> 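If you scroll down you'll find the structure; I have some questions about it.
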Amino acid sequence: MNGYNELMNNLELLKLTRIKEILPQKLDVCEVDNQKLINILNDITTKEIECRDARAREINVAISGFPYIKRINQFDFDFQPSVDRNKIMDLMTLRFIDNAENIVFVGLPGTGKTMLSCCIGIEAASNRISTYFVSCSKLLADLKKAKYENKLESRLKQYRKYKLLIIDEFGFLALNKDDANLLFQLVALRYEKKSTIITTNIVFSKWGESLNDPVLATAILDRLLHHSHVIQIDGPSYRTRGVFNEE
């Protein structure tokens with residue numbers, strides 16, 4: 001693409017339609033070096049596009065609900081050798097979102113499940129992929145409130161629209177059959193259409209007990225695990241690392 005065409009494309013991207021319309025005739029009567037002027041304008045508009053894109057990425061991350069901002073280079077793979085670095089870096093390419101696949105992080109509290117889900121989610125949001133992070137308890141409280149207000153269908157659609165939904169801390173608090181039913185409805189809506197990341201400290205064989213409904217637990221797991229990457233983390237807690245280091 002030559003400089004002039006690139007400039008016109010930049011003006012289109014910036015929605016500067018009037019400038020795009022009048023620029024050709026202005027260049028026809030311009031007494032300065034047209035190519036030099038085109039290069040200058042092209043450089044200015046390119047920088048404006050880059051600035052707007054960076055700002056849009058920042059906003060997308062900010063509205064995605066992450067509890068903190070962490071990048072994958074901050075994760076200590078040496079401390080948690082059970083985590084396959086190559087597998088995580090492959091997930092960081094976000095190919096799993098294109099394929100509408102899920103990720104389930106399973107491990108004891110403090111082993112890095114939430115941080116890894118944030119790293120992947122922030123990478124997605126930084127690439128302007130619609131992403132939302134929510135704790136399981138907050139999600140279910142929101143859905144129960146919507147059900148009480150006869151707004152459940154619209155609220156489920158809201159959660160369905162995200163290309164990547166991260167549900168943190170499944171099983172951290174006791175759930176009942178109503179919770180299980182709401183979770184099933186959401187998982188069923190997203191099944192094979194959108195990607196979901198779940199972090200949990202509950203092994204799959206205990207989900208029926210955790211949800212107080214083995215049948216619904218099986219139905220949820222069936223949909224979650226059908227196209228899924230299961231990351232089992234077996235290791236110490238990051239939160240007690242300082243204590244261990246002092247001993």
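No experiment lies behind these values; they were computed from the predicted model shown. Along the sequence shown, the residues carry numbers beginning at 1. Just so it is clear, the values below take in all heavy atoms, side chains as well, and ignore hydrogens, waters and symmetry mates.
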> So, does Lys163 use its side chain to make a donor-acceptor pair with the main chain of Ile97 at under 3.5 Å?
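It does not hold such a pair.
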> Anything under 3.5 Å between a donor and an acceptor, one on a side chain of residues 213-222, the other on a protein residue two or more places apart or in another chain? List them.
unit_1, atom_1, unit_2, atom_2, d
Asp213, OD1, Val215, N, 3.2
Asp213, OD1, Leu216, N, 3.1
Thr218, OG1, Pro214, O, 2.9

> Working to the nearest 0.5 angstrom, can you tell me the gap between Gln74 CD and Cys118 SG?
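Atom-to-atom, Gln74:CD and Cys118:SG are 11.0 Å apart.
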> Working to the nearest 0.5 angstrom, can you tell me the gap between Leu139 CG and Leu143 CG?
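Reported value, rounded in 0.5 Å steps: 4.5 Å.
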> Please check: side-chain N/O of Lys144 versus main-chain N/O of Asp179, any donor-acceptor pairing under 3.5 Å?
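A pair under 3.5 Å: no.
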> Show the numbers, then the answer: is there a side-chain contact (heavy atoms from CB on, under 4.5 Å) between Val106 and Phe204?
CA-CA 9 Å; Val106 186; Phe204 299 137; 3.9 Å; yes
> Is a side-chain donor or acceptor of Ser64 paired with a backbone partner of Phe133 at a separation under 3.5 angstrom?
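No, because the side chain of Ser64 does not come within donor-acceptor range (under 3.5 Å) of the backbone of Phe133.
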> Could you tell me if Thr114 and Asp168 have a donor-acceptor pair between their side chains, going purely by distance under 3.5 Å?
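A donor-acceptor contact under 3.5 Å links the two side chains.
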> Any side-chain to backbone donor/acceptor pair from Thr200 onto Phe170? Under 3.5 Å, distance only.
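Yes, because the side chain of Thr200 sits within donor-acceptor range (under 3.5 Å) of the backbone of Phe170.
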> Between Ser130 (side chain) and Tyr162 (backbone), is there a donor-acceptor pair under 3.5 Å?
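No; judged by distance alone, with no hydrogens or angles, the pair does not exist.
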> Measure the shortest side-chain to side-chain distance between Ile72 and Leu116 over non-hydrogen atoms and say whether it is less than 4.5 angstrom.
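Of all side-chain heavy-atom pairs linking Leu116 with Ile72, at least one is under 4.5 Å.
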> Please check: side-chain N/O of Thr199 versus main-chain N/O of Glu169, any donor-acceptor pairing under 3.5 Å?
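Yes.
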> By the salt bridge (charged side-chain N to carboxylate O under 4.0 Å, His left out) test, which pairs, at least two apart or in different chains, include something from residues 91-103?
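Output for this query lists Asp90-Arg95.
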> Are Tyr68 and Ile197 connected in the hydrophobic side-chain network, where two residues link if heavy atoms are under 4.5 Å apart?
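Yes, it is one cluster - the side chains of Tyr68 and Ile197 are joined through contacts under 4.5 Å.
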> State which residues pass side-chain contact (heavy atoms from CB on, under 4.5 Å) with Tyr148; sequence neighbours excluded, sorted by chain then number.
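So Tyr148 forms no side-chain contact (heavy atoms from CB on, under 4.5 Å) with any residue.
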> Any side-chain donor paired with an acceptor under 3.5 Å for Glu58 and Asn60?
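No pair is found: no donor N or O on one side chain lies under 3.5 Å from an acceptor on the other.
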> Working to the nearest 0.5 Å, report the span between NZ of Lys113 and CE of Met115.
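Lys113 atom NZ to Met115 atom CE measures 13.5 Å (nearest 0.5 Å).
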> Checking Arg190 side chain against Arg160 main chain: does a donor-acceptor pair fall under 3.5 Å?
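Yes, because the side chain of Arg190 sits within donor-acceptor range (under 3.5 Å) of the backbone of Arg160.
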> For Asn181, what residues pass the side-chain hydrogen bond (donor to acceptor under 3.5 Å, both in side chains) criterion, not counting sequence neighbours?
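Applying side-chain hydrogen bond (donor to acceptor under 3.5 Å, both in side chains) to Asn181 gives Gln185.
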> Please round to the nearest 0.5 Å and tell me the distance separating atom CG of Asn201 and atom CZ of Phe105.
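The CZ atom of Phe105 is 15.0 Å from CG of Asn201, to the nearest 0.5 Å.
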> Are more than 12 heavy atoms from other residues, nucleotides or ligands located less than 6.0 Å from atom CD of Glu153?
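No - once you tally the heavy atoms of other residues, nucleotides and ligands closer than 6.0 Å, there are 12 at most.
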> Got a donor-acceptor contact below 3.5 angstrom from the Glu149 side chain to the Ala146 backbone?
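It does not hold such a pair.
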> Tell me if a side-chain donor or acceptor on Asn102 pairs with a main-chain N or O of His229 at a distance below 3.5 Å.
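No, Asn102 side chain to His229 backbone: no donor-acceptor pair under 3.5 Å.
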> Test of understanding: with side-chain contact (heavy atoms from CB on, under 4.5 Å), list the residues that count as partners of Asp53, not counting sequence neighbours.
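With neighbours one apart ignored, the set is Arg57, Arg128.
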> Is there a donor-acceptor contact under 3.5 Å linking the side chains of Thr45 and Asn10?
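Checked: Thr45/Asn10 side chains pair up, N/O donor to acceptor below 3.5 Å.
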> What's the separation between atom OH in Tyr132 and atom CD1 in Ile167, rounded to the nearest 0.5 Å?
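Taking OH in Tyr132 and CD1 in Ile167, the distance rounds to 11.5 Å.
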> Find out if a path of hydrophobic residues (ILVMFWY) with successive side-chain heavy-atom gaps under 4.5 Å connects Leu186 to Leu164.
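No, Leu186 and Leu164 fall in different hydrophobic clusters.
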> First locate atom CG of Leu189, then atom NZ of Lys161, and finally report the distance between them rounded to the nearest 0.5 Å.
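Between atom CG of Leu189 and atom NZ of Lys161 there are 14.5 Å.
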> Quick one: does Ile49's side chain get under 4.5 Å of Lys47's, heavy atoms only?
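Not touching, per the 4.5 Å side-chain cut-off.
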> Is there a path from Val203 to Leu108 through hydrophobic residues (I, L, V, M, F, W, Y) whose side chains come within less than 4.5 Å of each other?
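They do not share one cluster, since no chain of ILVMFWY contacts under 4.5 Å joins Val203 to Leu108.
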> Enumerate the salt bridge (charged side-chain N to carboxylate O under 4.0 Å, His left out) contacts for residues 133-143, please, sequence neighbours excluded, ordered by first and then second residue.
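Every pair satisfying salt bridge (charged side-chain N to carboxylate O under 4.0 Å, His left out) with a residue in residues 133-143: Asp142-Arg155.
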> Donor-acceptor pair, distance only, cut-off 3.5 Å: does the side chain of Glu123 make one with the backbone of Leu94?
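Looks like no, no N/O pair under 3.5 Å.
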